[in-house]
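Notes for the one structure printed next.
Chain identifiers are assigned alphabetically (A, B, ...) following the order of the sequence lines, protein sequences preceding nucleic acid strands; residue numbering begins at 1 within each chain. All values below come from the heavy atoms of this structure, side chains included, with hydrogens, waters and symmetry mates left out.
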Number of protein chains: 2
Amino acid sequence: MVQYPTARLDVSFAALSDATRRGVLEQLGRADASITDLAQTFHMTLTGMRKHVGVLEQAGLVTTEKIGRVRTCRLGPRRLEDETAWIERYRQLWDSRFDELDKLVDELHWKENVHGPKSGE
Amino acid sequence: MVQYPTARLDVSFAALSDATRRGVLEQLGRADASITDLAQTFHMTLTGMRKHVGVLEQAGLVTTEKIGRVRTCRLGPRRLEDETAWIERYRQLWDSRFDELDKLVDELHWKENVHGPKSGE
DNA sequence: TGGATACTGAACCATACAGTTCAGTATCTG
DNA sequence: CAGATACTGAACTGTATGGTTCAGTATCCA
């Protein structure tokens, strides 16, 4: 059984669970931005935005660098590989689980066809 | 620009941000289970587990059905399509963003080669 | 130098969340 | 019927989250 970096998934999924933070990632996907830029986009105080950026940094999704007065934010090193991997595996489970259900349904149909009221189509 | 179902992403990413809940999904991927089953697996009270299952239900990742005393939990209708789509798009942004950076680096190299310390300036 | 700009840290607030206990209700089983 | 089982709802605890204000510090620019 593959072991996923559980704690890391906790923080990155949590980071993604906020619309503002997802928006920040999208904006940074277009161009680097300062805290002020981001705060303006999302109509929020600098302090508030700084916290969101902090969460994204913790998750490795954003890196920042302060030059002079300005902290510039850019997309970070992580590319959501583990998150994608987890979801992919989940989908496999999901598919196989529903295949099983399909089989059950088929079986029921078969029984119905053999023992049911209208045995010939 | 494609519009993602923001509120839905909020709740499903939040649902996934807890290791216990991800574990529940994995267990249900193997077989349906009662609240008692799940609570035992994760060493938790029934009440505690019921809450987690509630969160997963809200996110559409689990459905439950109570028959007699027993509430049976199974994987729900949602297959994390939207979540995958969001992450996919993010990866595209990430890639293009880093292509841009690569281009910048190339440009710097070029300038260095032309104007660098050894060739003039 | 002095004023505007960009950020930071501390403190605070309201709400949500993960978990518990406890006191039920409803259902099975002998 | 009695007792065990499976769950539920309310209430409580501690901690995290999303947001604010306010009082700074550091930097830039005229």
Side-chain angles (χ1 to χ4, degrees), chain A residues 4 6-28 31-74 76 83, chain B residues 4 6-28 31-74 76 83:
Chain A
Y4 286 90
T6 298
R8 168 160 283 187
L9 286 182
D10 280 13
V11 318
S12 47
F13 278 132
L16 294 179
S17 74
D18 183 281
T20 301
R21 285 193 293 263
R22 288 195 305 275
V24 166
L25 290 179
E26 293 199 36
Q27 175 162 353
L28 295 182
D32 296 350
S34 68
I35 301 285
T36 299
D37 294 338
L38 296 170
Q40 256 156 13
T41 303
F42 296 94
H43 313 101
M44 187 176 298
T45 59
L46 289 180
T47 312
M49 181 47 73
R50 180 67 182 93
K51 284 192 187 180
H52 280 303
V53 169
V55 171
L56 291 167
E57 278 184 279
Q58 283 298 104
L61 300 173
V62 162
T63 52
T64 71
E65 186 187 12
K66 191 163 184 176
I67 298 175
R69 295 179 290 182
V70 180
R71 178 174 299 275
T72 299
C73 309
R74 58 174 50 86
E83 295 70 19
Chain B
Y4 287 90
T6 298
R8 169 159 283 190
L9 285 183
D10 280 13
V11 319
S12 47
F13 279 132
L16 294 179
S17 74
D18 183 282
T20 300
R21 285 192 295 262
R22 289 194 305 276
V24 167
L25 291 179
E26 293 198 37
Q27 174 162 353
L28 295 182
D32 296 351
S34 67
I35 302 285
T36 298
D37 294 338
L38 296 169
Q40 256 157 12
T41 303
F42 295 95
H43 311 101
M44 187 176 296
T45 58
L46 289 179
T47 311
M49 180 50 71
R50 181 66 181 94
K51 284 192 188 178
H52 281 304
V53 169
V55 171
L56 291 166
E57 278 185 279
Q58 282 300 104
L61 300 173
V62 162
T63 54
T64 72
E65 186 188 11
K66 190 163 184 177
I67 299 175
R69 296 180 288 182
V70 179
R71 179 174 298 277
T72 300
C73 310
R74 56 174 49 86
E83 295 69 19

Q.
Nearest to the B:Lys51 side chain among D:dG19, D:dA11, C:dA6, which nucleotide is it?
A. D:dA11
Q.
Mind checking if B:Ile35 touches a base, just sugar-phosphate, or nothing, with heavy atoms under 4.0 Å?
A. sugar-phosphate
Q. Ignoring hydrogens and geometry, is there a side-chain-to-backbone donor-acceptor pair from A:Arg50 to A:Ala39 under 3.5 Å?
A. no
Q: For D:dT17, take OP1 and OP2 only and decide whether either is under 4.0 Å from a side-chain N or O of A:His52.
A: no
Q.
Without decimals, in angstroms, what is the distance between A:Glu65 CD and C:dT8 P?
A. 13 Å
Q) In terms of side-chain heavy atoms of B:Thr45, which of D:dG18, D:dT20, C:dT20 is nearest? A) C:dT20
Q. How many angstroms lie between CD in A:Gln27 and CG in A:Asp37, if you round to the nearest 0.5 Å?
A. 6.5 Å
Q: List the atom of A:Val11, the atom of A:Ala59, and the distance in Å for their closest heavy-atom pair.
A: CG2-CA, 3.9 Å
Q) Does the side chain of A:Thr36 reach to within under 4.5 Å of the side chain of A:Met49, using non-hydrogen atoms? A) no
Q | Heavy-atom closest pair, residues A:Leu16 and A:Leu25 | A | CD2-CD1, 3.8 Å
(Q) Measure CZ/B:Arg50 against P/C:dC17 and give the value in whole Å, please. (A) 15 Å
Q: Nearest whole angstrom, please: distance from the P of C:dA18 to the CG of B:Leu56.
A: 10 Å
Q: Could you tell me whether the side chain of A:Thr47 has a donor or acceptor atom within less than 3.5 Å of a complementary atom in the base of C:dG9?
A: yes
Q) Are OP1 or OP2 of D:dT8 and a side-chain N or O of B:Arg71 less than 4.0 angstrom apart? A) yes
Q: Starting at atom CG of B:Asp10, determine the distance to atom P of C:dA16, rounded to an integer number of angstrom.
A: 13 Å
Q. Where each residue is assigned the nucleotide of DNA chain D containing its nearest heavy atom, which of A:Ala14 and B:Asp37 is assigned the position nearer the 5′ end?
A. B:Asp37
Q: Determine the contact category for B:Gly48: base if any of its heavy atoms lies under 4.0 Å from a base atom, sugar-phosphate if only primed atoms, P, OP1 or OP2 are that close, otherwise nothing.
A: base
**Q.** Donor-acceptor pair (no angle test) under 3.5 Å: A:Arg69 side chain, C:dT5 base
**A.** yes
**Q.** Whole angstrom value for the distance that separates C1' of C:dG19 from NE2 of B:His43
**A.** 16 Å
Q. Rounded to the nearest Å, what distance is computed from the CG atom of residue A:Leu46 to the P atom of nucleotide D:dG18?
A. 18 Å
Q: Look at all strands and tell whether A:Lys66 reaches a base, only sugar-phosphate, or nothing, counting heavy atoms closer than 4.0 Å.
A: sugar-phosphate
**Q.** B:Leu38 CG to D:dA6 P, straight-line distance once rounded to whole Å
**A.** 13 Å
**Q.** Nucleotide C:dC17, atom C1' - distance to CZ of A:Phe13 in whole Å
**A.** 19 Å
